[in-house]
Amino acid sequence: MTVAADSATGAASLVQSVDWLAIAPPVIAASVALLVLVADLFVEERRKPLLGYGAVAGLVIALAMLVPLRAGDRSTFCLTGTAQACSYTADHFALVIQALVLGGALLTALLSIGDTRKLPAGEFWFLLLSSAAGAALLPAARDLATLVVALEVASLPAFALVGIKRGDRRSSEAALKFFLSSVVATAVMLLGVSFVYAATGTMHLTEIAARLDDVPGQLSTLAEAGVVLTLVGFAFKTAAAPFHFWVPDTYVGAPLPIAAYLSVVGKAVGFSGIILVTVIAFPSYADVWGPALAVLAALTMTVGNLAALRQSATRARSAVRLLAWSSVGQAGYLLVPIAAAAYSSDAQIGSTVAYALMYAVVNLGAFAVAALVARTHPGNRLSDYRGLYATRPLAALAMGFFLLCLAGLPPGIIGLFAKVTVFSSAVDAGLGWLAVVMAVNVVIALYYYVEWTAALFRTPEPSPASDEAPAAPVHRVPAPVTLAIALTAVAGITLSGAPQLILRFAAVSLF
């Protein structure tokens with residue numbers, strides 16, 4: 001009887017509860033991805049654009065499902081033993097990042113609707129929705145296995161999206177570089193995860209944190225190596241220097257909406273992973289990952305801004321390259337509050353999330369305007385933006401606003417306040433040297449952001465002879481592209497009208 005009772009208790013402790021409402025956002029994105037792929041087999045060629053609108057509708061529904069979860073108090077796939085450990089938690093951190101990645105995927109879909117005519121539509125929308133499902137799953141993951149699976153579900157479709165332009169050598173090369181760098185990152189991260197599991201005997205993040213406090217002496221080196229290798233793997237995903245080398249060529253070779261997707265959603269995925277493993281799983285090793293992330297932050301922002309400063313205005317696709325290097329520099333700013341959390345408290349994480357929200361809105365807006373300009377100037381040079389105000393005044397005003405937000409200058413007040421929160425986190429944590437490095441980099445970035453902004457309002461120059469095939473004149477802006485620009489502009493202007501929301505959000509505890 002005792003053996004039977006113990007067996008029954010052990011079986012009960014392994015029961016996995018399923019809260020379908022909690023997991024609805026990623027499940028809906030994945031389900032719509034499968035529906036679009038199957039529908040592609042039966043839809044006539046002339047009706048293929050309907051698949052894009054179906055993908056947009058699916059992402060809108062997935063976003064709407066976040067509303068009933070706004071309390072942030074739901075968990076599922078939980079062990080029911082003495083220790084409460086769950087694999088999926090829909091807390092406030094998860095919900096905010098899910099809103100960011102699903103919103104970013106939605107804007108990417110809007111930008112892509114008019115650009116998929118030369119691409120395999122069914123495969124494109126399936127891959128985008130699959131990647132969005134993985135990106136939505138990751139911030140809610142609370143064990144290492146789910147974290148790794150979510151990261152790969154978000155990353156693997158992205159490789160194919162980068163190289164989806166068949167017959168394009170640049171696209172194929174970009175996909176290969178992206179794939180090889182990500183494979184290396186995954187291998188390093190899996191090695192680190194295996195070391196952590198060997199040292200602690202558990203995969204759940206909360207349980208890892210408890211057991212790392214009391215690791216036997218003979219396993220301490222193994223645990224430290226696991227922490228470092230896991231962080232190195234995520235550093236690749238976030239494009240932190242010196243693991244950033246794949247970024248510029250990947251962004252240039254990818255379809256422009258996919259470059260926008262990688263710059264925002266890809267970064268959100270990587271930074272979510274870093275936050276989860278450092279703050280929840282590895283707090284007892286803050287003396288290891290804190291200084292490491294501080295150095296990575298300083299190096300990343302410096303490398304990114306100096307490389308952006310060197311972009312030539314007449315080089316083909318220099319606008320996309322500048323945005324790529326700018327995203328590397330912005331990644332350095334995003335790392336600062338995470339490093340600061342090692343020296344003060346987890347509340348610093350709110351500054352990273354607040355900055356990520358600001359960056360997502362304005363960077364997607366900048367890519368949306370770049371997609372618009374690329375319709376008449378396929379070369380997408382910085383020089384192609386000179387005098388944009390004379391031909392497309394609203395697009396020029398929106399682009400100027402987005403660039404000034406990224407620079408942290410008025411009227412982009414939201415960018416200024418977001419940078420203030422990051423500065424404050426470094427100062428409050430006693431990282432004065434990192435705050436100084438950030439201040440220098442902000443000044444460096446001002447030059448290329450302001451120079452690009454000024455070019456928008458200069459008198460346009462006569463176009464020189466070019467070996468580039470002339471583009472067909474575009475008189476009408478596609479409605480989805482206009483909507484994407486309008487949504488990002490309205491969001492940015494609204495937040496700039498109430499910048500104190502950024503400060504309040506940065507002070508909120510998300511876990």
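Please read all numbers here as calculations on a predicted model, not as lab measurements.
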(Q) Side chains of Y355 and K419: any donor to acceptor distance under 3.5 Å? (A) yes
**Q.** Whether Q311 side chain and A307 backbone form a donor-acceptor pair below 3.5 Å
**A.** yes
**Q.** H92 side chain vs A71 backbone, donor-acceptor pair below 3.5 Å
**A.** yes
Q. Under 4.5 Å between any side-chain heavy atoms of M189 and L151, yes or no?
A. yes
**Q.** Under 3.5 Å: donor-acceptor pair, side chain of W246, backbone of F243
**A.** yes
Q: Indicate yes or no for a side-chain donor-acceptor contact from S318 to the backbone of R315 under 3.5 Å, with no hydrogens or angles considered.
A: yes
Q.
Run S194 and L191 through side-chain contact (heavy atoms from CB on, under 4.5 Å) and show every step you take.
A. CA-CA 5 Å; S194 67; L191 183 62; 4.0 Å; yes
Q: Apply the test ring-ring contact (aromatic ring centres under 6.0 Å, His included) to residues F178 and F159: give CA-CA distance (whole Å), side-chain angles for both, the deciding distance (0.1 Å), then the verdict.
A: CA-CA 7 Å; F178 187 25; F159 306 151; 5.0 Å; yes
Q) Going by heavy atoms in the side chains, are W20 and I23 under 4.5 Å from each other? A) yes
**Q.** S263 side chain to N363 side chain, donor-acceptor N/O pair below 3.5 angstrom
**A.** yes
Q. Any idea which heavy atoms bring F271 and I338 closest together, and the distance?
A. CD2-CD1, 3.8 Å
Q.
Whether the Q348 and Y343 side chains hold a donor-acceptor pair (N or O, under 3.5 Å, no angle test) is what I'd like checked.
A. no
(Q) Any donor-acceptor pair under 3.5 Å linking the side-chain atoms of Y333 with those of T300? (A) no
(Q) Is any side-chain heavy atom of P26 closer than 4.5 Å to one of Y88? (A) yes
Q. So, for L406 and Q330, which heavy atoms are closest and what is the spacing to 0.1 Å?
A. O-NE2, 3.6 Å
Q) Which is it for L110 and V56 under the side-chain contact (heavy atoms from CB on, under 4.5 Å) test, yes or no, and what are the steps along the way? A) CA-CA 7 Å; L110 291 174; V56 169; 4.2 Å; yes
Q) Any side-chain heavy atom of S327 within less than 4.5 Å of one from V247? A) yes
Q: Identify the two heavy atoms, one from S87 and one from H204, that lie closest to each other, and give their separation to 0.1 Å.
A: OG-NE2, 3.4 Å
Q | For the student: nearest non-hydrogen atoms of K237 and A185, plus distance | A | CE-CB, 4.2 Å
(Q) Tell me which one of T108, L256, L107, V101 satisfies side-chain contact (heavy atoms from CB on, under 4.5 Å) with Y261. (A) T108
Q) Mind checking whether L212 and F282 have side chains closer than 4.5 Å, heavy atoms only? A) yes
Q) Do the non-hydrogen side-chain atoms of T76 and C86 ever get within less than 4.5 Å of each other? A) no
Q: Could you walk me through whether R317 and D249 pass salt bridge (charged side-chain N to carboxylate O under 4.0 Å, His left out), step by step?
A: CA-CA 10 Å; R317 295 165 187 82; D249 290 339; over 6 Å; no
Q.
Looking at S182 and F179, would you say the former's side chain and the latter's main chain have a donor-acceptor pair under 3.5 Å?
A. no
**Q.** Closest non-hydrogen atom pair, P291 against V288
**A.** CD-O, 3.7 Å
**Q.** Sidechain-backbone polar pair: T89 side chain, A140 backbone, donor-acceptor under 3.5 Å
**A.** no
Q.
Donor-acceptor check, side chain of T206 to backbone of A281, threshold 3.5 angstrom: yes or no?
A. no
Q) Donor-acceptor pair, R74 side chain versus A90 backbone, under 3.5 Å? A) no
Q: Answer whether the closest heavy-atom distance between the side chains of L156 and L127 falls below 4.5 Å.
A: no
Q: Using modelled atom types only, decide if a donor and an acceptor are shared between the side chain of S131 and the backbone of A158 within a distance under 3.5 Å.
A: no
Q. Could R142 and E207 be called an ion pair, given the rule that one side-chain N must be under 4.0 Å from one carboxylate O?
A. no
Q.
A side-chain contact here means heavy atoms from C-beta on lying under 4.5 Å apart; do I280 and I275 qualify?
A. no
Q: Report the C-alpha distance between F367 and I258 in whole Å, list the side-chain angles of each, state the deciding distance to 0.1 Å, and finish with yes or no for side-chain contact (heavy atoms from CB on, under 4.5 Å).
A: CA-CA 10 Å; F367 268 102; I258 300 306; over 6 Å; no
Q: With side-chain contact (heavy atoms from CB on, under 4.5 Å) as the test, would you mind laying out the steps for E224 and F195 before giving the verdict?
A: CA-CA 9 Å; E224 289 180 2; F195 285 176; over 6 Å; no
Q.
Under 3.5 Å, is there a donor on one side chain and an acceptor on the other for D143 and T146?
A. yes
Q.
Between W289 (side chain only) and V228 (backbone N and O only), is there a donor and an acceptor less than 3.5 Å apart?
A. no
Q: Verify the neighbour count for atom OH of Y447: are there more than 12 heavy atoms of other residues, nucleotides or ligands below 6.0 Å?
A: no
Q: Can you see which heavy atom on V361 is nearest to which on G492, and at what distance?
A: CG1-N, 3.8 Å
